[in-house]
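Numbers restart at 1 for each chain; the letters A, B, ... are given by sequence-line order, proteins then strands.
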Amino acid sequence: MKIYNTMSRQKEVLTTLNPGEVRMYVCGPTVYNFIHVGNARPLCVFDTMRRYLESCGEKVLYVSNVTDIDDRLIAEANEQGRPVSEIAAAFESEYLKDSDGLNVRRPWYMPRATEHIEAIVQLITDIIDNGYGYRASNGDVYFRARKFKDYGKLSHLVLDDLENSRELSASLDGDLKEDGADFAVWKAAKPGEPAWDSPWSKGRPGWHIECSAMAKKHLGDTIDIHAGGQDLIFPHHENEIAQSECANDATFSRFWMHNGFLNIDDKKMSKSLGNFFTVRQVAEKIGYEPIRYFMLSAHYRSPMNFTMDVLEQCKASIERLYTCRNNLDFAIKGAGETGGASTELLQKAEIALADFKARMDDDLNTADALAALFELAREINTLSNGSTKDALVKTAAIFDGMCDVLGLLYNRETEEAPADIQTMAEERDAARKAKNWALADELRDKIAASGYAVEDTATGPKLVKK
RNA sequence: GGUGCCGUUGCCAAGUGGUAAGGCCCGGGUCUGCAAAACCCGUAUUCGGCAGUUCAAAUCUGCCCGGCACCUCCA
């Protein structure tokens, strides 16, 4: 497949260091609060990337970290008067609930920053030994950004263009840095802050260094794909590259993928604007699945506008897929050994699958892939009545495979309706045959009151859970 | 100031040189005892505007208008 590599700014054929194996690192959340809907985008998008690669037979070593120590976490802990570790553990658990709710597969490995202090200290030591790091008077350790000749190669920013902001941050940091462009890899602890021993001071890792260290520890010096939100390109990923390449003397990541941003009602999401939504809030209103569908309904690199109105549309779209799938199941139950439409159905299914793959191969075009899925849904709705059981089962497998790659239709009701409801449906069918419409309607109302809708089909009544 | 992105039907959104996918909504029809679901038909002669290149442009070029993001810790 081809993916857009932020580094080269063009689509490239994805290759991996070891054939059949993809080493992928996706920046995860800082667990100081519930994750917001913006966080859900990389979760859903890169999970879909992983699912697609796996469906193609690749083994995906998918690493996504949890940042459980940083300034915001400390601020939150101070505010609540609880230890940082407690806040982090609580919100990590909430994060996983949301992640599971969105049908995001658990990472192959999910490293926590605080459990990798040793690896981090080692990496910083290597950086200093190679001349790229230095200890400041207060015990902080900084990285000499300017010394790394490739600094800016990912973001395509030139240090001198950052003049204004650089001066600003230099003045804020006092005289600790040799150069305003330098960034912290280790921060000396202030009184009361969580701290770990190091050769330089009791302190904590900087934000960028943890990803460098954890990627190295679990995936090696060179990884295949590094992914995250577009806002991480600079400075986060740029700094990761500087740290890792200066410490390891090897290319850090061969491909860089970045998802576009999510706006809320056409504005950037922020707490001050009052348009800040957590995944949990939205899921409680409408469920998780429309959120996932929404994330896949546009190309992952384009900016998206998040509104409840559009989410309702997503929900309706998913409904169509569920209905189709349920109809397919119903058709399978009633199908026999003959069916004139079988050949055509299987043909259409193969075409849809080929389209689906071609679109996913083109830089993970999930919006286009969804179109292929809907085209298949229409063919199924049209042809399933005239097909054999064998053809229907094969078609279902293809349909399910596509849904599985997208991570959709994971809330399918597969249980049979309760016996009493089925009995009522049969009684209603008998009433209909006797043209007793009053009784038939009465029974339909009763069934509806029990949470089921009954539909009349050529092969008998069909119960749908509502 | 530097870097980059975007503007396609009522809404969402693909399409990046060959004559506008798909979904939601809406209107009409078929099926149905009535429904539901489904299917069929209809919904952009047109892709922010103006020029240009080309046999051919939503797709390339230029200018303009409008919106957005990043530029030291925000996915």
Regarding the side chain of A:Met269, the nearest nucleotide among B:rA38, B:rA21, B:rA75 is B:rA75
Counting only side-chain nitrogens and oxygens, does A:Thr323 get under 4.0 Å of the OP1 or OP2 atom of B:rA36? no
How long is the gap from CD on A:Gln313 to CE on A:Met308, to the nearest 0.5 Å? 12.0 Å
Please name the nucleotide paired to B:rU61 by Watson-Crick or G-U wobble geometry with both distances under 3.5 Å, or report none. B:rA51
Any donor-acceptor N/O pair under 3.5 Å between B:rC73 base and A:Lys187 side chain: yes
5' priority, RNA chain B, between A:Asn39 and A:His156 [closest heavy atom]: A:His156
Which is true for A:Leu262 with a 4.0 Å heavy-atom rule: it touches a base, it touches only sugar-phosphate, or it touches nothing? base
Using a distance-only criterion (donor-acceptor N/O pair, under 3.5 Å, no hydrogens), is the base of B:rC11 paired with the side chain of A:Asn305? no
Would you kindly say whether A:Tyr300 and A:Asn365 are connected by a side-chain donor-acceptor distance under 3.5 Å? no
Short side-chain N/O contact to B:rG4 OP1/OP2 from A:Arg9, under 4.0 Å: yes
Counting only Watson-Crick or G-U wobble pairs whose two distances fall under 3.5 Å, which nucleotide matches B:rC34? none
Is there, by distance only and without an angle test, a donor paired with an acceptor across the side chain of A:His258 and the base of B:rA75 below 3.5 Å? no
From the list B:rC34, B:rC40, B:rA21, which nucleotide is the closest neighbour of the side chain of A:Asp441? B:rC34
Which is more 5' along RNA chain B, the nucleotide nearest A:Gly229 or the one nearest A:Asp368? Just name the residue. A:Asp368
So which nucleotide from B:rA14, B:rU3, B:rA75 ends up closest to the side chain of A:Ala367? B:rA14
Does A:Arg359 make a side-chain donor-acceptor contact with the base of B:rA14, cut-off 3.5 Å? no
Assigned partner base of B:rC39, Watson-Crick or wobble definition, under 3.5 Å: B:rG29
A:Asn259 side chain N/O closer than 4.0 Å to the phosphate oxygens (OP1, OP2) of B:rA75? no
Which listed nucleotide (B:rA37, B:rA21, B:rG23) is nearest to the side chain of A:Glu455? B:rA37
By the 4.0 Å heavy-atom rule, please label A:Ala316 as base, sugar-phosphate, or nothing. sugar-phosphate
Distance from A:Leu232 atom CG to A:Ser155 atom OG, nearest 0.5 Å? 12.0 Å
Is it the case that B:rG22 (base atoms only) and A:Glu375 (side chain only) share a donor and an acceptor within less than 3.5 Å, ignoring hydrogens and angles? no
Is it the case that the ring center of A:Phe91 lies less than 6.0 angstrom away from the ring center of A:Tyr32? no
Can you tell which of B:rG22, B:rA75, B:rC24 lies closest to the side chain of A:Ser317? B:rC24
Side-chain donor or acceptor of A:Arg444 under 3.5 Å from a matching atom on the base of B:rC34? yes
Counting only Watson-Crick pairs (N1-N3 plus N6-O4 or O6-N4) and G-U wobbles (N1-O2, O6-N3), all under 3.5 Å, who is the partner of B:rG4? B:rC68
Is A:Arg72 touching bases, backbone alone, or none of the nucleic acid, heavy atoms closer than 4.0 Å? sugar-phosphate
Is A:Gln313 side chain donor-acceptor paired with the B:rC11 base, going by distance under 3.5 Å alone? yes
Atom CZ in A:Phe143, atom CD in A:Glu178: separation rounded to 0.5 Å? 12.0 Å
Options B:rC34, B:rC73, B:rC24, nucleotide nearest the side-chain atoms of A:Asp456: B:rC34
